[in-house]
A.B. asks: 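One structure, pasted below without further comment.
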Amino acid sequence: MRPVIIAANWKMHTTPSDAGDLATTIAARTNVDGVERVICPPFVCLAAVRDALAATPAGAGVGVGAQNVHHELTGAYTGEIGATMLVGLASWVIVGHSERRRDAGETDELIGRKLGRAIEAGLRPILCVGEQLDEREAGQAEMVVAAQLRGCLATFAADPGALETAGLVVAYEPVWAIGTGRTARGSDAAAMADAIRAAVRGLGGGFAGLAGELPVLYGGSVTAATAAEFLAEPAIDGALVGGASLKVEEMAGIVARAGLTAAGRRAAARVAG
Ligand code: PGA
């Protein structure tokens, strides 16, 4: 049974003085059975969020994640953060977000190296993939995403099991749906989630084992109002939430809907088992 995961990507919002309160308020309002919650604040807020969550009973079940990590461990990289620096601050990390592909010129090859550093440091990666609008309109969305996966995961050909052990999560985020208020259709996102698992399986060898249980999240303008469209799809295992993840009521609604999905999966597993 695949997990149900709701990850909050706070992007460049909050400060060390207000992030802890927001995290604990969200934690208290989203304590729902069967849903794994992750909050990814800016680097400088990681310690505040970690400490605030640890100090409240509801916060104890919420994971903390970083939004990025460097592709080298240490070195002369001014302003960058290496994976081992995050140990103790975060247990998750987002890699390959489309805003970093766009603004920092991150390539699939570079993102693959980031994945490697994250995994070596024991961080659980959320790998983001997704097509541009013109690519979807040209019928190339699945091809584009498969190529991204191939590019990002190629360096693991000798040991795909490392990705499985690390608990790799893929977030499908159509670029045209991020921050636009426009979402994909649930059925299209579900088809893409299946295509993602097929593409990973298609990498051959040990990738088949990874593909079978690979959690795939949807991201792109997810709100309490749009969450059901995606969380009702059996192929989709949760959401990566940006703008709405800074709003307590939105997160409460999204995680409540995710709780229904988790309960449905538990019931189905009981019947099957
Ligand atoms: P959004 O962002 O929910 O604001 O569209 C999602 C993301 O970028 O992860």
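Each ligand, and each atom within it, is numbered from 1 in the order the structure gives.
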A.B. asks: Closer than 4.0 angstrom: is that true for some heavy atom of Gly220 and an atom of ligand 1?
C.D. replies: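 For ligand 1, residue contact (heavy atoms, under 4.0 Å) with Gly220 is present.
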A.B. asks: Tell me whether Tyr218 contacts the main-chain N or O of Gly220 through its side chain, where contact means a donor paired with an acceptor under 3.5 Å.
C.D. replies: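 Judged by distance alone, yes, a pair lies under 3.5 Å.
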A.B. asks: Any chance the side chains of Glu106 and His71 put a donor and an acceptor closer than 3.5 Å?
C.D. replies: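 No, no side-chain donor-acceptor contact under 3.5 Å.
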A.B. asks: Quick one: side chains of residues 227-241, donor-acceptor pairs under 3.5 Å with protein atoms, not counting sequence neighbours, listed by atom name and distance.
C.D. replies:
from, atom 1, to, atom 2, distance (Å)
Glu229, OE2, Gly186, N, 2.6
Asp237, OD1, Arg2, NE, 2.9
Asp237, OD1, Arg2, NH2, 3.0
Asp237, OD1, Arg265, NH1, 2.8
Asp237, OD1, Arg265, NH2, 2.9
Asp237, OD2, Arg2, NE, 2.7
Asp237, OD2, Arg197, NH2, 2.8
Asp237, OD2, Val216, N, 2.9

A.B. asks: Short question: side chain of Arg101, backbone of Gly96 - any donor-acceptor pair under 3.5 Å?
C.D. replies: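 Yes, the answer is positive, given that a donor and an acceptor are paired below the 3.5 Å cut-off.
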A.B. asks: Of the options Glu131, Glu135, Gln132, which is the one that meets Gln140 in a side chain to side chain contact (heavy atoms under 4.5 Å, CB included)?
C.D. replies: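 Of all the options given, the one that passes is Glu135.
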A.B. asks: State, yes or no, whether a side-chain contact exists between Ser221 and Ile178 at a heavy-atom distance under 4.5 Å.
C.D. replies: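 In short, these two side chains do not touch, never coming nearer than 4.5 Å.
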A.B. asks: So if I count the atoms of ligand 1 from 1 in the order they appear, which ones are less than 4.0 Å from some heavy atom of His97?
C.D. replies: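 This gives 7 (C), 8 (O), 9 (O) as the contact atoms.
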A.B. asks: Number the atoms of ligand 1 from 1 as they appear, then name those within less than 4.0 Å of a heavy atom of Asn9, with their elements.
C.D. replies: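 What qualifies from ligand 1 is 9 (O).
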A.B. asks: Out of Glu173, Lys11, Gln67, who is nearest to atom 9 (O) of ligand 1 when you count heavy atoms only?
C.D. replies: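 Ranked by closest heavy atom to atom 9 (O) of ligand 1, first place is Glu173.
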A.B. asks: Working to the nearest 0.5 angstrom, can you tell me the gap between Ile119 CD1 and Arg117 CZ?
C.D. replies: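 Spacing of CD1 (Ile119) from CZ (Arg117) equals 9.5 Å.
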A.B. asks: Quick check: Ser221 and ligand 1, any N/O pair under 3.5 Å apart?
C.D. replies: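 In this structure, Ser221 places an N or O atom under 3.5 Å from an N or O of ligand 1.
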A.B. asks: Return the closest protein heavy atom for atom 4 (O) of ligand 1 as residue, atom name and distance.
C.D. replies: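 Minimum-distance protein heavy atom for atom 4 (O) of ligand 1 reads Gly243 N, 2.8 Å.
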A.B. asks: With heavy atoms under 4.0 Å as the rule, classify the contact between Ile178 and ligand 1 as side chain, backbone, both or neither.
C.D. replies: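 For Ile178, backbone and side-chain atoms both sit under 4.0 Å from ligand 1.
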A.B. asks: Mind checking whether Ala177 contacts ligand 1 via backbone (N, CA, C, O), side chain (CB onward), both or neither, at a 4.0 Å heavy-atom cut-off?
C.D. replies: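 The answer is the backbone.
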A.B. asks: Could you verify whether a donor N or O on one side chain and an acceptor N or O on the other, from Trp10 and Gln67, lie under 3.5 Å apart?
C.D. replies: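 No, no side-chain donor-acceptor contact under 3.5 Å.
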A.B. asks: Which option wins on minimum heavy-atom distance to atom 5 (O) of ligand 1: Gly181, Ser245, Gly179?
C.D. replies: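 Selected option, by shortest heavy-atom distance: Gly179.
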A.B. asks: Short list, please: which atoms of ligand 1 are under 4.0 Å from a heavy atom of Leu240?
C.D. replies: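 The list of qualifying atoms is 9 (O).
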A.B. asks: Tell me, which protein residue and heavy-atom name are nearest atom 3 (O) of ligand 1, and how many Å apart are they?
C.D. replies: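 Sorting protein heavy atoms by distance from atom 3 (O) of ligand 1 puts Gly242 N, 2.8 Å first.
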